[in-house]
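Values in this document were obtained by computation on a predicted structure and should not be read as measured data.
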Amino acid sequence: MKRILIFITVCLIITSCDDGDIIVTSFDFDDSTLQICGGPGGYLFFKINEGGTESFSLRLPTTDILFVSQGARTFTIDGTNNTINYRLFSSEVTSEYFCNEIPPTNPTVTTEYVAVSGDAVLTTILVLDDNDGVPLEEEFDANGDPMDTDGDGIPNHYDNDDDGDNVLTINEIGDDPNAYQNSDPDDIPDYLDSDDDNDGVATRDEAGGGTNPFNYDPKNTGTPNFLNIEQTENVPATAYIEHSYNFRSSIVLDINNLVLINGEEQITREFFSLGEIDDIINEPVNQTPDFPED
């Protein structure tokens, strides 16, 4: 009787697997690094497993410039435009296989699964920093929204001239770590005060028509006009100085509801973290805001 039961159980297992479906709950890419090649028109993300003979790749042919906008974006995997491939190779494969315009002939692909459905979720995290000496948390309002004190379109947290007076914020905060510099009797620190000496003439209009108020002291008083209440010459400014900040972008890439097929074989995965790339963009940006028209 025991032998009969074992035989029946084996038959049931064979019958249930007869359709060729394979359900896989994990991939062996946990210790692999997410890499990228290409750009607009052909982004390719890929991972190579630790043994070097398996790969998982995602191709996004979007012409959009990625990694420059904060938030999550979903790409539907359709097997034609946005595609995912899981490959097994005859020998160890390197990034050159993916990053060459024409892949090398070796190693060869021995087995390939192609995604027929799923979603790729690309989350971009931005860090924009003006390095102006003001803590980041002080450049947002009580509701957590970014402030733009001078209304030039560049929020304070990456505006290196927060008050738009053509004097860099870092040169207006002073040396006292407990109190910001305030050159006039009001309660507004210089880096947020458009009239630093409170003489009725805007700081940027006390540059003699130039764009650097620090350089304008025509009477050689030893103090530039914008900090000298006795000097009220007014030459309206016509341009902002060039602004600069550092642009950093990192990404997290996840795959949801993935279905891969190879003939009658099928691999499914409800969630798969493809990984992350820190500082996929890390570079300085120079920008001159539009000057307000009268």
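In this structure, I267 and V259 have side chains that are not in contact, with every pair of non-hydrogen atoms separated by 4.5 Å or more. Inter-residue side-chain proximity for S117 and I77 is flagged as unmet; no heavy-atom pair is nearer than 4.5 Å. Side chains of I255 and R269 form no contact here, defined as non-hydrogen atoms less than 4.5 Å apart.
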Return a table of donor-acceptor pairs under 3.5 angstrom between the side chains of residues 90-106 and protein atoms on other chains or two or more places apart.
| unit_1 | atom_1 | unit_2 | atom_2 | d |
| --- | --- | --- | --- | --- |
| S90 | OG | T108 | N | 3.0 |
| S90 | OG | T108 | OG1 | 3.1 |
| T94 | OG1 | E96 | N | 3.4 |
| N100 | ND2 | E96 | O | 3.3 |

Identify all side-chain donor-acceptor contacts of residues 233-241 below 3.5 Å with residues at least two apart in sequence or on another chain.
| unit_1 | atom_1 | unit_2 | atom_2 | d |
| --- | --- | --- | --- | --- |
| E233 | OE1 | Y216 | OH | 2.9 |
| E233 | OE2 | Y216 | OH | 2.8 |

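A side-chain hydrogen bond (donor to acceptor under 3.5 Å, both in side chains) check over residues 128-148, counting only residues at least two apart or in different chains, returns the pairs E138-Y180.
Nearest heavy atoms, L126 versus L128: CB-CD1, 3.7 Å. Closest of all the heavy-atom pairs between F29 and K47 is O-NZ, 3.1 Å. Here the closest non-hydrogen pair linking D184 and D195 is OD2-O, 3.0 Å. Contact between T74 and D119 at its shortest, heavy atoms only, is CG2-CB, 3.9 Å. For the pair N156 and L192, the tightest heavy-atom approach, listed with the atom from each and the gap, is ND2-CD2, 4.2 Å. Residue P284 comes nearest to N246 through the heavy atom pair N-OD1, 3.9 Å, listed as atom of the first residue, atom of the second, then distance.
Taking the side-chain contact (heavy atoms from CB on, under 4.5 Å) definition, one finds that T123 meets it with A72, V121, I125, V252, sequence neighbours left out. For the side-chain contact (heavy atoms from CB on, under 4.5 Å) test, residues two or more places apart in sequence or in another chain that qualify with T62 are Y43, L60, D64, L66, R73, F75. With sequence neighbours left out, the side-chain contact (heavy atoms from CB on, under 4.5 Å) criterion links F214 to V167, N171, N212, P224, F226.
Tested against F56, the residues F45, F272, Y113 include a single side-chain contact (heavy atoms from CB on, under 4.5 Å) partner, F272.
In this structure, OG in S57 is found 4.5 Å from CG in N85, a value given to the nearest 0.5 Å.
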- Task: Begin with the C-alpha distance, continue with both residues' side-chain angles, and end with the deciding distance and a verdict on side chain to side chain contact (heavy atoms under 4.5 Å, CB included) for T83 and L58.
- Result: CA-CA 6 Å; T83 58; L58 164 68; over 6 Å; no
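The main-chain N or O of L88 is found under 3.5 Å from a side-chain atom of T110 such that the two form a donor-acceptor pair. Using a distance-only test at 3.5 Å, with no hydrogens or angles considered, a donor-acceptor pair links the side chain of D163 to the main chain of D193.
For the residue pair H243/D159, the side-chain donor-acceptor check at 3.5 Å is satisfied. For the 3.5 Å distance criterion, the side chains of D199 and T232 fail to qualify, holding no donor opposite an acceptor. For D196 and S183, the side-chain atoms include no donor-acceptor pair closer than 3.5 Å.
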